[in-house]
Amino acid sequence: MPDLPPQQAKPPRVRFAPSPTGYLHVGGARTALFNWLFARHTGGTFILRIEDTDFERSSDAMVEGILEGMRWLGLDWDEGPFFQSRRLDLYKETAAISVAGGHAYPCFCSKEDLDNRRKEATASGHQPMYDRRCRHIAKEEAVARIAAGEPAAIRFAVPEGGATSFDDAVFGKVEFQNADLEDFVLLRSDGIPTYHLSVVADDIDMRLTHIIRGADHISNTPKQVLLYRALEAPLPVFAHVPLILGPDKTRLSKRHGATSVIAYKQMGIVPEAFRNFLSLLGWTTGGLKDANGKDREIFSSEELVNLFSLEGISKSNAVFDNDKLAWFNTEYIRNYPVAQLKPLVEQEWKLAGFTPTRSEKEITHAIELLKPRARSLKDFASAFRGYFSDEYEIDAAAAAKFLSGNVPALLVELGARYLAATEFTEASTEALLRAFAEEKGIKAGVLINGSRVALTGQGVAPSLFAVMVALGQHRVAARLQKAVVQPVG
RNA sequence: GGCGCUAUCGUCUAGGGGUUAGGACGUGAGAUUCUCAAUCUUAAAACCCGGGUUCGAUUCCCGGUAGCGCUACCA
């Protein structure tokens, strides 16, 4: 039977269908992102479906975690979330239709028998595929055994010969010999569907036009194609996305560090940076250049939506590079208008239990000064504390290096001069310091470095005189005069 | 083991029958001297191997190798 033409009717309908057996992980997030991008680009519909048919491993907490991750990334869905656990009737019905159509049959083999036979087959060098022994049980006998209460699973009857192929939007034509396909289980003996049944039943029921999912599903696809045909449903367009790997090129796992999207939020990554980074893992604009002729890499979500296409998805797996992510993060933080960055910083403070003791104006000023050198949102609650509160720590190494010898004493004196100053601008503070250095016969750099540590607690900071202006005259004077009592080393 | 997919700098990638094989991250060097986790300049760094097609393959084809995926009454 020839396939019905693929559903290209616009607008497209796509879905992200995570299994709540863990938090939203990086790979899932990227799949969700691509589906979302595709839906938004085409004006289609993005559906969220929770595949929770594995009751043992699924949990509400995981569902909430997945939703949280999607919200953080700004991936809003148009329909759902739908829960497969509440749609079991549909799957049973679909299985029954398959049986009635002669495409599926009850299987009475027990799990133990199956395991044993698989083991034997492997031991004797055969393929551990189901031997189809229940496929030829007479209909009457099967009905009688089920009536007698014998547990039975429903298996799909894979055609004995020929091949099954599909046209993947990313990989092109992919073909499998039917002989290599097992008579897979559709419905377990407890009435719970397996993955193959529930996805196909739902994808048909939800009228999905494009299935964008991880490449780990390529091998599952021919079975599902067969099911679509048995159900006389039009085939969607399949687009398999290559996998994301860890630095050692094995599948990304906890071993490699964070795999949960929320962990990146907790690391102070801003969502747009993460989304931008993720979008370029396994997808490319095809070499879009910026004004300088360099490949563009920073894209707003609007641009991403406009640019996204299935054609740009690459075929090979990609390694998740933390350094590159960190770079995206600094770029985004640096370029955010303060108005946009400030709420994120405040959220970070809240998380860290830190309360700034500054006016809104001072806070805005300090964020403006600091954002070009922030690596993560975390910096605002750690290294940058001194700009927002008087409770900050002096970095011991920086103090040892720059607050040694007679420097503290000089800073106390310098602080008094600043207190008495009638003007307090970047130019005036610098002039004052340099004059003071000359008067004392020492290099200005010594005082500059010492002041930096006394004022910010850090050995690294923006231009000292910009820092002074941000801090204000009284605070500068006070902190310099306190320098002498700071424990050194 | 079987089946499937993939292969350009360390990493993400552009490109494509003839190129100095481009960009970015990271790394090295230099500059700035008020620190560097900032900025600027700069350098090193790749077409997996073997056949074939071709005047010419990194590019097309075949094989190998390697990596990854699937191989459950998990998803």
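Numbered from 1 within each chain, the chains take letters A, B, ... in sequence-line order.
Inter-residue side-chain proximity for A:Leu67 and A:Trp77 is flagged as met; some heavy-atom pair is nearer than 4.5 Å.
Within a 6.0 Å sphere centred on CD of A:Glu438, other residues, nucleotides and ligands contribute 12 heavy atoms or fewer. For A:Lys378, the NZ atom counts as densely surrounded, since its 6.0 Å shell holds more than 12 non-hydrogen atoms of other residues, nucleotides or ligands.
Between the CH2 atom of A:Trp327 and the P atom of B:C25 there is a distance of 5 Å, rounded to whole Å. A:Tyr105 places its OH atom 11 Å from the P atom of B:C73, with the value rounded to the nearest Å. Atom P of nucleotide B:C3 and atom CG of A:Asn178 are separated by 15 Å, given to the nearest angstrom. Counting to the nearest Å, the C1' atom of B:C73 and the OH atom of A:Tyr91 are 17 Å from each other. Following rounding to the nearest Å, A:Gln224 (CD) and B:G4 (C1') show an atom-to-atom distance of 15 Å. In this structure, the NE2 atom of A:His196 is 10 Å from the P atom of B:C73, given to the nearest Å. Note: CD1 (A:Ile313) to C1' (B:C5) measures 15 Å, nearest angstrom.
If you check B:U59 for Watson-Crick or wobble pairing at under 3.5 angstrom, you find it has no partner at all. B:C47 is unpaired under the Watson-Crick or G-U wobble criterion, no partner having all donor-acceptor distances under 3.5 Å. Figure legend. B:C25 is base-paired to B:G10; pairs are counted as Watson-Crick or G-U wobble with both atom distances under 3.5 Å. Remark: B:U19 base-pairs with no nucleotide in the shown strands. Criterion, Watson-Crick or G-U wobble with two distances under 3.5 Å. Both distances falling under 3.5 Å, in either a Watson-Crick or a G-U wobble arrangement, occur for no nucleotide opposite B:U35. With a cut-off of 3.5 Å on both pairing distances, the Watson-Crick or G-U wobble partner of B:G1 is B:U71.
Contact annotation for A:Pro106: no contact, since no heavy-atom pair falls under 4.0 Å across all strands. If you check every strand for non-hydrogen atoms under 4.0 Å, A:Thr53 touches sugar and phosphate atoms only. A:Glu175 comes within contact range of the sugar-phosphate backbone alone, with a heavy-atom separation under 4.0 Å but no base atom that close. Heavy atoms of A:Phe184 sit nowhere under 4.0 angstrom from any nucleic acid atom. The residue A:Gly445 sits close only to the backbone: its heavy atoms come under 4.0 Å of sugar-phosphate atoms, none of a base. Heavy atoms of A:Leu114 sit under 4.0 angstrom from at least one base atom. Residue-level contact check: A:Pro462 touches the bases, meaning some heavy atom is under 4.0 Å from a base atom.
Residues that satisfy the side-chain hydrogen bond (donor to acceptor under 3.5 Å, both in side chains) test with A:Tyr387, not counting sequence neighbours, are absent from this structure. Taking A:Ala383 as the reference, A:Gln458 meet the side chain to side chain contact (heavy atoms under 4.5 Å, CB included) condition, with sequence neighbours excluded. When the salt bridge (charged side-chain N to carboxylate O under 4.0 Å, His left out) test is applied to A:Arg117, the partners found at least two apart in sequence or on another chain are A:Asp131.
With hydrogens and angles ignored, a donor-acceptor pair closer than 3.5 Å exists between the side chain of A:Lys324 and the base of B:A24. One cannot find a donor-acceptor pair under 3.5 Å joining the base of B:C73 and the side-chain atoms of A:Thr194.
Spacing of C1' atoms, B:C68 relative to B:C48, comes out at 16 Å, to the nearest Å. B:A72 and B:C3 have their P atoms separated by 16 Å, given to the nearest Å. For the C1' atoms, the distance from B:U59 to B:U8 is 10 Å, rounded to whole Å. For the P atoms, the distance from B:C9 to B:G4 is 26 Å, rounded to whole Å. Spacing of P atoms, B:A31 relative to B:A21, comes out at 31 Å, to the nearest Å. Across B:A46 and B:G51, the matching P atoms stand 22 Å from one another, rounded to whole Å. Rounded to whole Å, the C1' atom of B:U65 lies 24 Å from the corresponding atom of B:C12. Between B:G26 and B:U11, the distance separating the two C1' atoms is 8 Å to the nearest Å.
Screening residues 317-334 of chain A for salt bridge (Lys or Arg N to Asp or Glu O under 4.0 Å) gives A:Glu297-A:Lys324, A:Glu331-A:Arg334 as the qualifying pairs, with residues at least two apart or on separate chains. Applying the salt bridge (Lys or Arg N to Asp or Glu O under 4.0 Å) test to pairs two or more places apart or on separate chains, those with a residue in residues 118-127 of chain A are A:Asp115-A:Arg118. Pairs engaging residues 246-261 of chain A under the salt bridge (Lys or Arg N to Asp or Glu O under 4.0 Å) rule: A:Asp216-A:Arg251, A:Asp248-A:Arg255 [sequence neighbours left out]. Within the structure, every pair that satisfies the side-chain hydrogen bond (donor to acceptor under 3.5 Å, both in side chains) test and touches residues 150-161 of chain A, not counting sequence neighbours, is listed here: A:Arg145-A:Glu150. Residue pairs satisfying the salt bridge (Lys or Arg N to Asp or Glu O under 4.0 Å) criterion with at least one member in residues 273-293 of chain A, sequence neighbours excluded, are listed as follows: A:Lys289-A:Asp295.
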Give each protein N/O atom lying under 3.5 Å from an N/O atom of nucleotides 69-72 of chain B, with the pair distance.
from  : atom 1 : to       : atom 2 : distance (Å)
B:G69 : O2'    : A:Asp216 : O      : 3.3
B:G69 : N2     : A:Ser219 : OG     : 3.3
B:C70 : OP1    : A:Arg251 : NH1    : 3.4

Could you run down the sub-3.5 Å N/O contacts of the protein with nucleotides 28-33 of chain B?
none

Set out, line by line, the N/O atom pairs under 3.5 Å between protein and nucleotides 13-15 of chain B.
from  : atom 1 : to       : atom 2 : distance (Å)
B:U13 : OP1    : A:Gly282 : N      : 2.6
B:A14 : O3'    : A:Gly286 : O      : 3.4

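Looking at A:Tyr195 and A:Asp54, their side chains never bring a donor and an acceptor atom within 3.5 Å of each other. Defined by atom type and a distance below 3.5 Å, a donor-acceptor pair is present between the side-chain atoms of A:Asp52 and A:Ser85.
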**Prompt:** Base, backbone or nothing for each nucleotide of nucleotides 38-47 of chain B, written B, S, -, heavy atoms under 4.0 angstrom, 5' to 3'?
**Reply:** SS--------
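Between A:Arg188 and B:C74, a side-chain N or O to OP1/OP2 separation shorter than 4.0 Å is present. At B:U11, one or more side-chain N or O atoms of A:Lys249 fall inside 4.0 Å of OP1 or OP2 (strictly under the cut-off).
The closest donor-acceptor contact from the side chain of A:Arg213 to the backbone of A:Phe238 lies at 3.5 Å or more, if one exists at all.
Taking 4.0 Å as the cut-off between side-chain N and carboxylate O, A:Arg49 and A:Asp203 count as a salt-bridged pair.
Annotation: cation-pi pair A:Arg30/A:Phe34 present, NZ/CZ under 6.0 Å from the ring centroid and within 45° of its normal.
Nearer the 5' end of RNA chain B, as judged by each residue's closest nucleotide, is the contact made by A:Phe402, out of A:Cys109 and A:Phe402.
Nearest heavy-atom pair across A:Pro242 and A:Ser316 is CB-O, 3.2 Å.
For A:Asp321, whose side chain is taken as the heavy atoms from C-beta onward, the closest listed nucleotide among B:A24, B:C34, B:G10 is B:G10. Counting only heavy atoms from C-beta on, A:Arg452 has its side chain closest to B:C34 among B:C34, B:C73, B:U11.
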